[in-house]
2 protein chains.
Amino acid sequence: MPRSANSPKSGPRTTARAAAAQDGATEPVDSSFLRTLVGYNARRAALSIIEVFMQRMSAYDLKVVEFSMLSLVGHNPGITSRQLCATLGVLPPNLVGLIAALERRGLIKRLPHPSDGRAMGIHLTAAGTELMQEAEQTVAQLEVEATSRLTDAERKTLIRLLQKIY
Amino acid sequence: MPRSANSPKSGPRTTARAAAAQDGATEPVDSSFLRTLVGYNARRAALSIIEVFMQRMSAYDLKVVEFSMLSLVGHNPGITSRQLCATLGVLPPNLVGLIAALERRGLIKRLPHPSDGRAMGIHLTAAGTELMQEAEQTVAQLEVEATSRLTDAERKTLIRLLQKIY
DNA sequence: TATTGTTATACTCTATAACTATA
DNA sequence: TATAGTTATAGAGTATAACAATA
């Protein structure tokens with residue numbers, strides 16, 4: 001049975017992908033060309049951080065995209081599915097199940113949209129608010145650890161340069 | 001029928017993911033918390049560049065991972081599957097089909113490993129070498145365009161900081 | 001006519017178990 | 001016993017078409 005990123009309270013554990021990348025105590029490989037590419041380095045760095053992210057969020061039984069959804073709902077009460085899709089780059093049919101799961105868990109609730117009868121406004125429940133207060137603190141702490149080899153100034157510079165790209 | 005990332009000569013076209021992220025000419029969304037996270041920004045930047053990457057590589061009928069494989073084989077003649085897996089973070093069972101496809105297209109060939117009877121050394125064919133000379137030039141050009149809002153110094157700094165993370 | 005949210009569905013990517021041949 | 005490569009397969013992620021309700 002494959003490891004579920006959602007299994008609650010499963011302690012820190014490396015992903016199979018990371019394992020595949022680490023076993024290689026074999027011959028060194030020249031990846032100098034790939035390392036000259038911003039895209040390659042950005043992807044490697046993102047995967048490295050997201051791996052830790054998944055480990056820590058498993059304590060809350062949250063996938064990365066679920067954390068992002070809850071964070072956006074928390075900071076944008078009444079946000080619609082359509083806006084979540086646009087912000088997260090998720091297609092509408094694929095968001096349906098994610099929203100349903102969070103609603104079943106009692107973390108979000110959907111209310112009729114005040115001005116658009118087609119849409120539903122999404123809000124955090126009290127339980128969702130409580131969960132996210134802890135989860136966002138955990139994530140902020142995780143960020144510090146994941147970028148511990150950077151100074152504060154470097155970290156700010158890095159974020160500024162990344163945002164200039166997208 | 002879904003769009004194949006491999007359909008040759010398909011011209012530049014936006015991905016559905018990017019489309020989902022752009023339609024939103026609607027209400028602005030506050031994503032200030034997510035934007036403080038290195039992981040979030042690195043993922044967004046990587047996706048932004050990889051989208052252009054996919055468009056350009058479709059001219060060579062190459063997926064991102066296939067380009068990476070060919071580049072590594074080109075710079076490491078005789079590299080084994082195991083080494084490719086470790087360097088790219090791909091699990092062995094998932095590499096089998098990728099190697100078979102590139103071999104069928106006559107871009108790589110596999111020769112018995114000189115010192116390990118279990119392994120096969122992977123090499124570029126003449127056709128593979130020719131293709132990669134063009135493809136790597138295209139990628140280098142693409143990188144310049146994708147990071148056109150960065151100065152040369154910023155680009156170097158960005159790569160250095162990203163590599164400090166992973 | 002266009003948009004929100006939805007169902008159904010298909011393709012791709014990623015992961016695990018288990019096998020073989022060789023070390 | 002361990003490792004390289006492979007097969008089969010399951011699960012997660014991502015994509016398109018088409019529909020009902022509302023704008």
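Below, chains carry the letters A, B, ... as their sequence lines are ordered, and counting in each starts from 1.
Judged by distance alone, the side chain of B:Thr125 and the main-chain N or O of B:Leu107 form a donor-acceptor pair under 3.5 Å. Formation of a donor-acceptor pair under 3.5 Å by the B:Ser148 side chain with backbone atoms of B:Glu145 is found in this model. Side-chain atoms of A:Glu143 come within 3.5 Å of backbone N or O of B:Gly39 as a donor-acceptor pair.
Taking 4.0 angstrom as the limit, A:Arg110 places a side-chain polar atom (N or O) nearer than this to OP1 or OP2 of C:dT6. Side-chain nitrogen and oxygen atoms of A:Lys63 include none within less than 4.0 Å of the OP1 or OP2 phosphate oxygen of D:dA12. For C:dG5, the OP1/OP2 oxygens have a side-chain nitrogen or oxygen of A:Ser81 closer than 4.0 Å.
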Given side chain to side chain contact (heavy atoms under 4.5 Å, CB included), test B:Leu34 with A:His75 step by step and report yes or no.
CA-CA 10 Å; B:Leu34 295 180; A:His75 292 95; over 6 Å; no

Taking it one step at a time, do A:Leu62 and A:Arg105 satisfy side chain to side chain contact (heavy atoms under 4.5 Å, CB included)?
CA-CA 11 Å; A:Leu62 289 181; A:Arg105 288 172 60 187; 4.0 Å; yes

Go through A:Ser31 and A:Tyr40 one step at a time and tell me if the side-chain hydrogen bond (donor to acceptor under 3.5 Å, both in side chains) criterion holds.
CA-CA 11 Å; A:Ser31 57; A:Tyr40 176 81; 4.7 Å; no

What are the atom names and distances for every N/O pair under 3.5 Å that joins the protein to nucleotides 20-23 of chain D?
unit_1 : atom_1 : unit_2   : atom_2 : d
D:dA23 : OP1    : A:Gly117 : N      : 2.7

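Nearest to the side chain of B:Arg43, among D:dA17, D:dT7, D:dT14, sits D:dT14.
Atom CG of B:Leu88 is separated from atom P of C:dA15 by 14 Å (rounded to the nearest Å). If you measure from atom CG of B:Leu91 to atom C1' of D:dT9, you get 14 Å, rounded to the nearest angstrom. One can place CG of A:Leu95 at 9 Å from P of C:dG5, the figure rounded to the nearest angstrom. Rounded to whole Å, the distance from CE on B:Met120 to C1' on C:dT22 is 13 Å. Distance, A:Met54 CE to D:dG13 C1': 13 Å, rounded to whole Å. For the pair B:Leu98 CG and D:dG5 P, the computed distance is 14 Å after rounding to whole Å. Protein atom CG of B:Asn94 is 15 Å distant from nucleotide atom P of D:dA12, rounded to whole Å. A:Ile99 places its CD1 atom 11 Å from the P atom of C:dT7, with the value rounded to the nearest Å.
Contacts between residues 69-80 of chain B and DNA chain D, counted as heavy-atom distances below 4.0 Å, involve B:Thr80.
Environment of NZ in B:Lys156: sparse, with no more than 12 heavy atoms of neighbouring residues, nucleotides or ligands closer than 6.0 Å. Residue B:Glu130 places its CD atom among 12 or fewer non-hydrogen atoms of other residues, nucleotides or ligands, all under 6.0 Å distant.
A:Leu47 and B:Tyr166 fall into different hydrophobic clusters, where Ile, Leu, Val, Met, Phe, Trp and Tyr residues are linked whenever their side-chain heavy atoms come under 4.5 Å apart, directly or through other members.
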